[in-house]
Engineer: 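Questions regarding the structure given below will be posed in turn.
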Number of protein chains: 2
Amino acid sequence: MKKKSIKDIAQDLGVSKTTVSFVLNKKGDEKNISKKTQKLILDYIKEVNYQPNQIAKSLKNGTTNTIGYLVPDISNPFYAKIGRIIEDLLWEMGYHLLIGSTDEKKEKEELLLNMFANRQVDGLVIASCFISSDALESLAKQNFPMVFFDREDPAVSANYILVENKAPMKEAIQRTIDKGAKKIGLLSITPDVYSLKLRIDGYKQALIDNGLEQDESLLRIVDNNQIKESAQKELKYLIEAGVDVIVFTNNQITATAIWLMNMLYPEKVDEITFVSFDNLDIFDYSRPKVISIAQPIDNIAKQSVNILEEVIRTKVSKNTRIELKPKLIER
Amino acid sequence: MKKKSIKDIAQDLGVSKTTVSFVLNKKGDEKNISKKTQKLILDYIKEVNYQPNQIAKSLKNGTTNTIGYLVPDISNPFYAKIGRIIEDLLWEMGYHLLIGSTDEKKEKEELLLNMFANRQVDGLVIASCFISSDALESLAKQNFPMVFFDREDPAVSANYILVENKAPMKEAIQRTIDKGAKKIGLLSITPDVYSLKLRIDGYKQALIDNGLEQDESLLRIVDNNQIKESAQKELKYLIEAGVDVIVFTNNQITATAIWLMNMLYPEKVDEITFVSFDNLDIFDYSRPKVISIAQPIDNIAKQSVNILEEVIRTKVSKNTRIELKPKLIER
DNA sequence: ATGAAAGCGCTAACAG
DNA sequence: CTGTTAGCGCTTTCAT
């Protein structure tokens, strides 16, 4: 039993494709198709379990009801969770998610971007490191519905769903200072993304505001290409420098550091406090103690979908920039 | 500058659509298109940045170069990681991933399944709880390329990529017995999936083989609808029963239990050993100590893609059943 | 109340 | 060496 098309159905029933199409799209009454014919068709549809070919529909309509979700790595819990929520929200609206991981590689991002556009996704939710790339610019010029989250290129105006970086980071560090922290180090992956720079600014500001020593050597940058090895070295530096607090700019580096601490300095896990931008469930019980800045994942997803839906519907992009407030979790 | 189609290009250049199409598909030489015409077209293509409409291509060819990835929850690290690897492997082959989370809901799974099929995905990688559902049966009957992983319905023959359950579970528990464990409890989510049953069988077998007391009350099942509350109650039971080892049937319940232990029984974290089917990175340094059975994620992904590719290419499904060996991680 | 026919963008067999 | 044409499955205008 091969798949039936509208044409087959029409032939089998001795009616025209048009009639079938009208009935299928619930325009039977509107188009004055007799009740009898409608029932005939509907019954047959069920009987043969007719499934419309969405590709043909898409070609005709110019829409696919598919949204592209482009992130550095879909297996990163942050992107996976947001992806999941977006998937659910879109599902309600009859949309599907096509995913792509860019690995923060420009070339891959551009290829994926083009593939997505060619595949006629109706819109794009994207965490890009290369917002000013040719591919994105060209899409922007075509007024392609897009919303950017997590990352921003301040030089490019677009729809952004972001989270405050500097102030919350400063505030979190302030808590540790209030509790007596004196020597505060920072460990970050290479801040080639704007938001990471802002988080580091928050760190610096906290030190300045409290008149703490501005020791540039306590600001350690990890080599992204060999995170574990490099983090180990930098962590060692900070530990030996005698810091009582270490600040991290994202959850990945925090998790790595927790692991390293437990492996290499188990005797020190209760002497040091971690501050992490981005939360992870394990922070609830991991040692060292972690004060974290939790991004409002639900809200990021919700706003992204909202804006995207609006742009698709109205066909006008207003370059909305939304900055959400993260939540400080003390432990 | 709106998007150009092949027709536009042909008109602009005063050649026919066919010629353009041939050149685009690198059949220029084969079809004896003059070098000059080829260059003319290729140059123009670049100039206007022509992007072929994949939807039209798909309609014509009957293939979309898209694979559906259907899992209970894409934000679960296990599925997210496998998804990521599959994405990469497929990318090499020119395929893309359409994702769907079923939430283990039959209705949602069937809807997604149909949507995917209608959208003409070329194949499906799926971790389903309802392998014997109508929707799946109907696809199977149409010889639709599918490969199942993680979960099996022994009553349905299909392409399965699985991991051994019973023996590894038994073996992991054996290690704890060798080290002196006497009273071994088990905590599991409701084992409505076949593999969970096998894991529990492994637990029982380990007890039998070692002549340990078969106390059915030490086998605690958590209510899936309120995991945290239920797990807390069951964990309490086991702790009070004085177990020295607790066995878990998947990583989710292990993670929950680790969290609960640290929250509620911090004084006991070093007195009890956990055995977990499924590994998580945090087990490296979490307390209680966790002996885990790590699923070979890379291999699962690789084999799934292999089989799927073969089925798509040969158009014949051989109902291959591959059982991979997990890796015991002692800590 | 229903049908014929054009067309979405692309491919490819067939004709010159 | 290149062009004409039919057709993938669907929608929709216009005609009857």
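Letters go in sequence order (proteins before strands), and every chain restarts at 1.
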Engineer: So which of A/Leu308, A/Leu90, A/Val121 actually passes side chain to side chain contact (heavy atoms under 4.5 Å, CB included) with A/Tyr95?
Structural biologist: A/Leu90

Engineer: Are the charged groups of B/Asp134 and B/Lys141 less than 4.0 angstrom apart, N to O?
Structural biologist: no

Engineer: Report which part of the nucleic acid A/Lys36 touches: base, sugar-phosphate, or nothing (heavy-atom distance under 4.0 Å, all strands).
Structural biologist: nothing

Engineer: Does any donor atom in the side chain of B/Ser75 or B/Asp73 lie under 3.5 Å from an acceptor atom in the other side chain?
Structural biologist: yes

Engineer: List the steps and the verdict of salt bridge (Lys or Arg N to Asp or Glu O under 4.0 Å) for B/Arg151 and B/Glu104.
Structural biologist: CA-CA 12 Å; B/Arg151 296 167 180 207; B/Glu104 323 225 353; 3.1 Å; yes

Engineer: Should A/Thr19 be listed as having a side-chain N or O under 4.0 Å from OP1 or OP2 of C/dG3?
Structural biologist: yes

Engineer: So, is B/Ser5 close to the C/dC8 phosphate, meaning a side-chain N or O under 4.0 Å from OP1 or OP2?
Structural biologist: no

Engineer: Is there a side-chain contact between A/Ser34 and the phosphate of C/dA1, meaning an N or O under 4.0 Å from OP1 or OP2?
Structural biologist: no

Engineer: Check whether the side chains of B/Asn118 and B/Gln120 place a donor and an acceptor atom closer than 3.5 Å, and report yes or no.
Structural biologist: no

Engineer: OP1 or OP2 of D/dC1 less than 4.0 angstrom from a side-chain nitrogen or oxygen of B/Thr37, does that happen here?
Structural biologist: no

Engineer: To the nearest Å, give me how far apart NZ (A/Lys7) and P (C/dA4) are.
Structural biologist: 13 Å

Engineer: Classify B/Thr18 by what it touches in the nucleic acid, base, sugar-phosphate, or nothing, heavy-atom distance under 4.0 Å.
Structural biologist: base

Engineer: With a 4.0 Å cut-off, would you call B/Asp88 and B/Arg84 a salt bridge?
Structural biologist: yes

Engineer: Answer yes or no: is there an ion pair linking A/Glu109 with A/Lys105, defined by an N-O contact shorter than 4.0 Å?
Structural biologist: no

Engineer: Using a cut-off of strictly less than 4.0 Å, decide whether B/Tyr50 has a side-chain nitrogen or oxygen near OP1 or OP2 of C/dG9.
Structural biologist: no

Engineer: Starting at atom CG of B/Leu24, determine the distance to atom P of C/dG9, rounded to an integer number of angstrom.
Structural biologist: 15 Å

Engineer: Does the distance from a Lys or Arg side-chain N to an Asp or Glu carboxylate O, for A/Asp29 and A/Lys35, drop under 4.0 Å?
Structural biologist: yes

Engineer: Would you say the side-chain atoms of B/Asn159 and B/Ser317 include a donor-acceptor pair closer than 3.5 Å?
Structural biologist: yes

Engineer: Distance check needed: D/dT11 P versus A/Lys26 NZ, whole Å only.
Structural biologist: 12 Å

Engineer: Over its full length, what angle do the end axes of the helix from C/dA1-D/dT16 to C/dG16-D/dC1 make, each axis taken from five pairs and the result rounded to 10 degrees?
Structural biologist: 50°

Engineer: Please report the distance, rounded to the nearest Å, between CD in B/Gln38 and C1' in D/dC1.
Structural biologist: 11 Å

Engineer: Quickly work out the B/Lys4 NZ to C/dC10 P distance and round it to whole Å.
Structural biologist: 13 Å

Engineer: Taking the side chain of A/Lys17 as its heavy atoms from C-beta onward, which of D/dG3, D/dT11, C/dT11 lies nearest to it?
Structural biologist: D/dT11

Engineer: Please list residues of residues 51-63 of chain A whose heavy atoms come under 4.0 Å from any atom in DNA chain D, ordered by number; otherwise none.
Structural biologist: A/Pro52, A/Asn53, A/Ala56, A/Lys57, A/Lys60, A/Asn61

Engineer: Run the salt bridge (Lys or Arg N to Asp or Glu O under 4.0 Å) check on B/Glu110 and B/Lys108 step by step: do they pass?
Structural biologist: CA-CA 5 Å; B/Glu110 300 218 329; B/Lys108 191 162 181 206; over 6 Å; no

Engineer: What's the CG-C1' distance between A/Asn25 and C/dT2, to the nearest Å?
Structural biologist: 16 Å

Engineer: Between atom CZ in A/Phe22 and atom C1' in D/dC14, what is the gap in whole Å?
Structural biologist: 10 Å

Engineer: Provide, to the nearest angstrom, the distance between the CD1 atom belonging to B/Ile6 and the P atom belonging to D/dG7.
Structural biologist: 19 Å

